[in-house]
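Notes to accompany the following structure.
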Amino acid sequence: MSFPLLTATAALPAVGAIVTAAVPAGRRTAAKWTALLFSLGTLVLAGLVFARFEPGGDRYQLTESHPWIADFGVRYDLGVDGIGVALLGLTALLIPFVLLAGWHDADPLETNSSRWRPTQGFFALILMVEAMVILSFEATDVFLFYILFEAMLIPMYFLIGGFGDRAHAGSDENAAAQRSYAAVKFLLYNLAGGLIMLAAVIGLYVVAGSFSLSEIAEARANGSLEMAGSTEKWLFLGFFFAFAVKAPLWPLHTWLPNAMGEATTPVAVLITAVVDKVGTFAMLRYCLQLFPEASKWATPVILVLALVSIIYGALLAVGQRDIKRLIAYASISHFGFIVLGIFAMTSQGQSGATLYMVNHGISTAALMLVAGFLITRRGSRLIADYGGVQKVAPVLAGTFLIGGLATLSLPGLAPFVSEFLVLVGAFSAYPVVGIVATVGIVLAALYVLVLYQRTMTGPVRESVRAMPDLRVRELAVALPLIALLIFLGVFPKPVTDVVNPAVQHTMQDVQKKDPQPEVEAAK
């Protein structure tokens with residue numbers, strides 16, 4: 001029996017969460033290093049998964065299959081395709097940076113406190129989220145995926161509600177109430193989507209007699225499983241609704257700005273760069289593969305929703321006064337591009353959407369974490385409270401600028417490649433949709449450059465005059481992310497080589513081919 005690499009990759013952070021939580025109350029530094037070492041070990045295992053994956057091989061590789069709840073046909077089935085490998089690697093890569101960035105975010109306010117263990121809980125919860133997200137990218141049993149899809153809400157709820165942003169903790173008496181509101185809103189929105197999905201999962205089992213993704217897809221492909229058109233549409237809508245909430249797609253997005261604004265900066269990164277990717281990933285793996293005809297039926301409406309997300313998110317980002325909420329609305333716009341690429345149903349669009357998930361995770365992490373370092377120094381999230389930072393903290397301003405330029409998809413940085421592929425794929429199939437989506441690029445340049453101009457340039461405000469530049473730990477967070485943005489901006493081949501074969505399988509599932517360009521014959 002071969003080594004269960006996929007199980008080990010998900011189990012290691014789960015074990016790390018238990019070990020970290022068990023560290024004695026007075027050993028906060030030991031708890032931090034324990035969590036960091038387990039996250040680095042998970043990154044090594046994710047690297048082995050990437051190395052052992054063969055892009056030209058079987059669709060699902062490194063598979064594992066064991067009985068779980070035999071009476072209900074539920075199995076512990078794991079396997080990864082190229083899309084799953086890319087997002088698994090993204091998750092394992094970002095968690096060490098999230099932990100480093102939040103090194104002091106959960107320390108007790110009372111320096112002599114030895115009774116409470118918020119630090120241990122904070123780091124343990126992050127590792128538990130990592131374990132569940134990784135396993136959700138590996139699951140090939142629909143019921144197993146559903147359990148993980150819902151279970152990850154529990155640690156996220158406590159991370160948002162129990163460890164809020166301290167930027168306004170000392171001055172805002174309603175901070176605790178705002179955190180609680182954001183956490184409850186996050187939980188209720190996602191639970192509502194999950195309950196609807198549960199009904200669809202049960203319906204799928206009644207129709208197909210199995211929870212196995214591979215078995216159901218194979219039965220659909222060879223004609224041994226036939227779904228009535230109305231049945232397939234209802235099941236598709238049940239799955240898609242849950243994924244659209246998680247993604248988040250307009251108009252189901254309203255929980256995200258609250259959650260990102262009230263959470264600590266590392267947790268905000270965890271939400272938008274890691275957890276939300278499960279929603280868009282699931283659209284590719286479950287909606288298109290299990291319900292191809294319903295996916296094509298719903299495409300016109302979904303493309304409109306994606307366009308609204310792109311424009312609406314960007315417009316609200318332009319008008320924001322809060323740095324973290326600006327980045328949250330920018331992410332809503334970016335997720336609109338991802339959904340647009342998925343449902344354009346072209347190979348360029350879906351390759352670009354998958355690459356966009358990876359690049360958005362890195363660019364948002366870079367911008368948000370550096371913004372968090374800035375907010376921690378000043379103690380305010382309001383853009384108006386800054387000015388002239390680049391004169392007193394040039395390294396901080398420089399890394400902030402590169403993160404912002406990546407967010408607006410500047411050529412030479414990673415998001416440009418993915419956004420370009422999405423727009424090409426959308427334009428080739430739906431020219432009007434592709435043209436309208438380009439408005440999001442213009443608006444992105446506006447909100448990013450205005451944010452930089454108002455915070456970093458101009459006269460030095462008295463409140464930032466003594467602001468220190470990035471420290472060693474903060475540089476260890478920012479510089480590798482910046483390097484990755486540049487590397488993948490000029491050489492995205494390591495990711496696209498893994499992703500493209502999986503995209504071709506998805507195109508076969510929906511029986512779609514890329515539109516051929518119309519070329520007039522030479523006269």
Side-chain angles (χ1 to χ4, degrees), residues 247-250 253 256-257 272-273 276-277 280 302-320 323 325-344 346-368 371 400-454 482 485-486 488-490 492 495-496:
L249 185 67
W250 184 91
H253 67 285
L256 182 67
T272 189
D276 286 354
K277 299 300 187 298
T280 46
I302 294 173
L303 291 179
V304 171
L305 295 179
L307 285 178
V308 173
S309 290
I310 292 169
I311 307 302
Y312 172 85
L315 284 173
L316 264 66
V318 171
Q320 288 303 306
I323 296 174
R325 290 179 70 91
L326 184 152
I327 299 173
Y329 280 109
S331 290
I332 292 170
S333 180
H334 295 150
F335 275 104
F337 277 108
I338 294 171
V339 175
L340 175 65
I342 292 171
F343 283 89
T346 60
S347 58
Q348 300 99 327
Q350 293 189 355
S351 293
T354 306
L355 190 60
Y356 211 132
M357 293 185 224
V358 175
N359 293 337
H360 172 264
I362 299 171
S363 63
T364 298
L367 179 61
M368 179 64 89
F400 188 83
L401 176 61
I402 296 175
L405 294 177
T407 297
L408 64 81
S409 299
L410 183 76
L413 297 174
F416 169 76
V417 181
S418 45
E419 194 164 286
F420 179 78
L421 284 173
V422 166
L423 290 173
V424 168
F427 184 83
S428 64
Y430 304 96
V432 175
V433 171
I435 292 171
V436 174
T438 57
V439 176
I441 301 176
V442 179
L443 294 174
L446 180 61
Y447 62 69
V448 168
L449 295 178
V450 169
L451 172 65
Y452 184 84
Q453 183 264 331
R454 291 179 178 175
I482 297 298
L485 289 173
I486 296 172
L488 292 176
V490 298
V495 180
T496 56

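FYI, side chains are in, hydrogens and waters are out, and symmetry mates aren't considered; it's all heavy atoms of this structure. Just so you know, these numbers come straight off a predicted model, no measurement behind them.
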Where [X] and [Y] come nearest, the two heavy atoms and their spacing:
{"X": "I482", "Y": "A366", "value": "CD1-CB, 4.4 Å"}
{"X": "V490", "Y": "G412", "value": "CG1-O, 4.1 Å"}
{"X": "G336", "Y": "S309", "value": "CA-CB, 3.9 Å"}
{"X": "P248", "Y": "F335", "value": "CD-CD1, 3.9 Å"}
{"X": "P492", "Y": "L355", "value": "CB-CD2, 4.3 Å"}
{"X": "S409", "Y": "E419", "value": "OG-OE1, 3.0 Å"}

Is [Y] close to [X] at the side-chain level, that is, under 4.5 Å between some pair of heavy atoms?
{"X": "L421", "Y": "Y356", "result": "no"}
{"X": "L256", "Y": "D276", "result": "yes"}
{"X": "V417", "Y": "L488", "result": "no"}

Could you grab the distance from atom [atom1] of [X] to atom [atom2] of [Y], nearest 0.5 Å is fine?
{"X": "L485", "Y": "L405", "atom1": "CG", "atom2": "CG", "answer": "10.5 Å"}
{"X": "L340", "Y": "I302", "atom1": "CG", "atom2": "CD1", "answer": "11.5 Å"}
{"X": "F337", "Y": "L307", "atom1": "CZ", "atom2": "CG", "answer": "9.0 Å"}
{"X": "Q320", "Y": "L451", "atom1": "CD", "atom2": "CG", "answer": "11.0 Å"}

Can you check whether A247's main-chain N or O pairs, donor with acceptor, with T280's side chain at less than 3.5 Å? no
Report all side-chain donor-acceptor pairs from residues 422-446 shorter than 3.5 Å, counting only partners two or more places apart or in another chain.
| unit_1 | atom_1 | unit_2 | atom_2 | d |
| --- | --- | --- | --- | --- |
| S428 | OG | V424 | O | 3.3 |
| S428 | OG | G425 | O | 2.9 |
| T438 | OG1 | I435 | O | 2.4 |

Taken in chain and number order and not counting sequence neighbours, the residues that satisfy side-chain hydrogen bond (donor to acceptor under 3.5 Å, both in side chains) with S418 are N359
Are there over 12 heavy-atom neighbours, none belonging to Y312, within less than 6.0 Å of that residue's OH? yes
Please list every donor-acceptor pair under 3.5 Å in which a side-chain atom of residues 327-334 meets a protein atom from a residue at least two apart or in another chain.
| unit_1 | atom_1 | unit_2 | atom_2 | d |
| --- | --- | --- | --- | --- |
| S331 | OG | T272 | OG1 | 3.2 |
| S331 | OG | I327 | O | 3.2 |
| S331 | OG | H360 | NE2 | 3.3 |
| S333 | OG | I310 | O | 2.8 |
| H334 | ND1 | A330 | O | 3.2 |
| H334 | NE2 | T407 | O | 3.3 |

